[in-house]
2 protein chains.
Amino acid sequence: MTTPHLSPLAHPERDEITVEGVLRALADPVRLAIVRQLASAGTEVSCGGLDVPVTKSTLTHHLGILRQAGVTSGRQEGTTRFNSLRRNDLDELFPGLLDGVLAARR
Amino acid sequence: MTTPHLSPLAHPERDEITVEGVLRALADPVRLAIVRQLASAGTEVSCGGLDVPVTKSTLTHHLGILRQAGVTSGRQEGTTRFNSLRRNDLDELFPGLLDGVLAARR
DNA sequence: CGTCAATTTCGAGGAACGTCGTACTATGGA
DNA sequence: TCCATAGTACGACGTTCCTCGAAATTGACG
C-alpha cells in the first residue's frame with residue numbers, strides 16, 4: 001500500500017482539447033474570474049493569489065475543471081501550486097476565442 | 001393591440017448580452033450544433049430545418065436559451081419561425097469569440 | 001520530531017440543467 | 001369548416017453541477 005496516487009496534474013494534450021470542454025469550463029463566473037486574473041497577471045499565480053468568493057476546496061474543484069479542459073496548466077513547487085493560462089494552445093486551436101472572452105466588458 | 005398575450009421573441013439588446021450567458025449557451029453539444037448549422041447556412045433556418053438528435057420540445061428549449069443569451073434571433077412568419085445568428089452583435093461585443101468557436105476542429 | 005501553511009480528497013446537500021411526452025395554440029389549405 | 005402542420009407550454013424525471021466542511025496530504029522550517 002504505497003499510496004498509488006494518481007497524478008493530480010493530468011493535463012490534456014493539445015490535440016485532446018475540445019471546444020465544448022473549453023466552453024463548459026469558461027461558462028462559470030468563478031472560473032471566468034480565475035481566467036481573467038491569470039490573463040491579466042500574465043504569469044503563474046498560486047491558488048492563494050487568486051481572489052474568488054469561494055472556499056479553498058471549491059477553488060481546487062474549479063482549478064481542476066479548468067486544467068482538465070486544457071484551459072490552464074499547473075506546476076507544483078513545494079506546497080504551492082502555480083497555475084497559468086495555456087494561451088498558446090488555445091490560440092492555436094481556437095484563434096480569437098480567448099481574446100474575445102477577455103475583451104468582454106460584460 | 002399589438003401583442004395580446006404572447007411574449008414570443010424577447011431578444012436582449014446588444015448591451016444586455018453577457019459573455020457568461022453566451023458561453024453558457026454555447027456550452028452544450030446540441031446548441032453548438034445549432035450554431036454551427038446556422039453559421040454554415042449563412043441565412044435564416046426554420047426549426048424543422050435544423051438537424052439535431054432531440055425532440056421538438058427540446059429543440060424549442062435550446063432555441064429559447066440561445067435567443068435569451070443573445071446568440072440567435074428569431075422571426076415569425078406564419079407557423080414557422082426562422083432563426084439566425086446574431087453575428088454582428090457577437091463580433092462587436094466579443095471579437096473573435098464566434099470565429100474561434102467555429103474554427104474548432106474538435 | 002512537531003508544527004504550521006498550502007492545497008487536495010471525500011462526502012453530502014441543494015440547485016440547475018437536459019430530456020421527454022402530452023397537451024395546447026396558431027396558421028394555412030382542402 | 002375541418003384537418004394537418006409548425007412550433008410552444010407545462011410538468012416530471014434523472015443527471016450533472018456548485019458549494020461547503022471536515023479530514024487528509026504534502027512540504028518547509030525550527
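Below, chain A is the first sequence line, B the second, and so on; all start at residue 1.
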Shortest side-chain distance from A:Thr80, nucleotide among D:dT8, D:dA6, C:dT7: C:dT7
task: Report yes if at least one side-chain N or O of A:Arg81 is closer than 4.0 Å to OP1 or OP2 of C:dA6; otherwise report no.
output: no
- request: For A:Leu66 and C:dT7, give me the distance from atom CG to atom P, rounded to whole Å.
  value: 16 Å
message: In whole Å, I'd like the distance from the CG atom of A:Leu59 to the P atom of C:dT9.
response: 13 Å
Positions of residues 33-42 of chain A (non-hydrogen atom under 4.0 Å from DNA chain D), listed by number: none
query: Should B:Glu92 and B:Asn88 count as side-chain neighbours, where that means a heavy-atom distance under 4.5 Å?
result: no
task: For residues A:Cys47 and A:Leu63, report the shortest heavy-atom separation together with the two atoms involved.
output: SG-CD1, 3.5 Å
field: Pair A:Arg75 + A:Glu77: basic N to acidic O under 4.0 Å
entry: yes
query: Taking CD from B:Gln68 and P from D:dA9, how many angstroms apart are they, rounded to a whole number?
result: 10 Å
message: Rounded to whole Å, please give me the gap between CZ in B:Arg75 and C1' in D:dG7.
response: 15 Å
task: Starting at atom CG of B:Leu50, determine the distance to atom C1' of D:dT8, rounded to an integer number of angstrom.
output: 16 Å
statement: Letter by letter from the 5' end, nucleotides 17-24 of chain C scores (B base, S sugar-phosphate only, - none; protein heavy atoms under 4.0 Å) SSBBB---
task: Check the pair B:Arg105 / A:Asp15 against salt bridge (Lys or Arg N to Asp or Glu O under 4.0 Å), numbers first and verdict last.
output: CA-CA 10 Å; B:Arg105 296 193 311 131; A:Asp15 314 33; over 6 Å; no
message: For A:Glu16, I'd like to know if atom CD has over 12 heavy atoms of other residues, nucleotides or ligands within 6.0 Å.
response: yes
field: B:His11 side chain to B:Gly74 backbone, donor-acceptor under 3.5 Å
entry: yes
- line: Here the distance between atom P of D:dG7 and atom CG of B:Leu63, to the nearest Å, is 9 Å
message: Donor-acceptor check, side chain of A:Arg86 to backbone of A:Ser73, threshold 3.5 angstrom: yes or no?
response: no
statement: When rounded to whole Å, the CD to C1' distance for the pair A:Gln76 and D:dT25 reads 11 Å
Length of the line joining B:Lys56:NZ and D:dA9:P, which is rounded to integer Å: 14 Å
- prompt: Between A:Thr79 and D:dG27, is there a side-chain N or O to OP1/OP2 distance below 4.0 Å?
  reply: no
Candidates B:Val19, B:Leu97, B:Val22 - the one meeting side chain to side chain contact (heavy atoms under 4.5 Å, CB included) with B:Leu90: B:Val22
- prompt: Between CG of A:Leu93 and CZ of A:Arg14, what distance do you get to the nearest 0.5 Å?
  reply: 6.0 Å
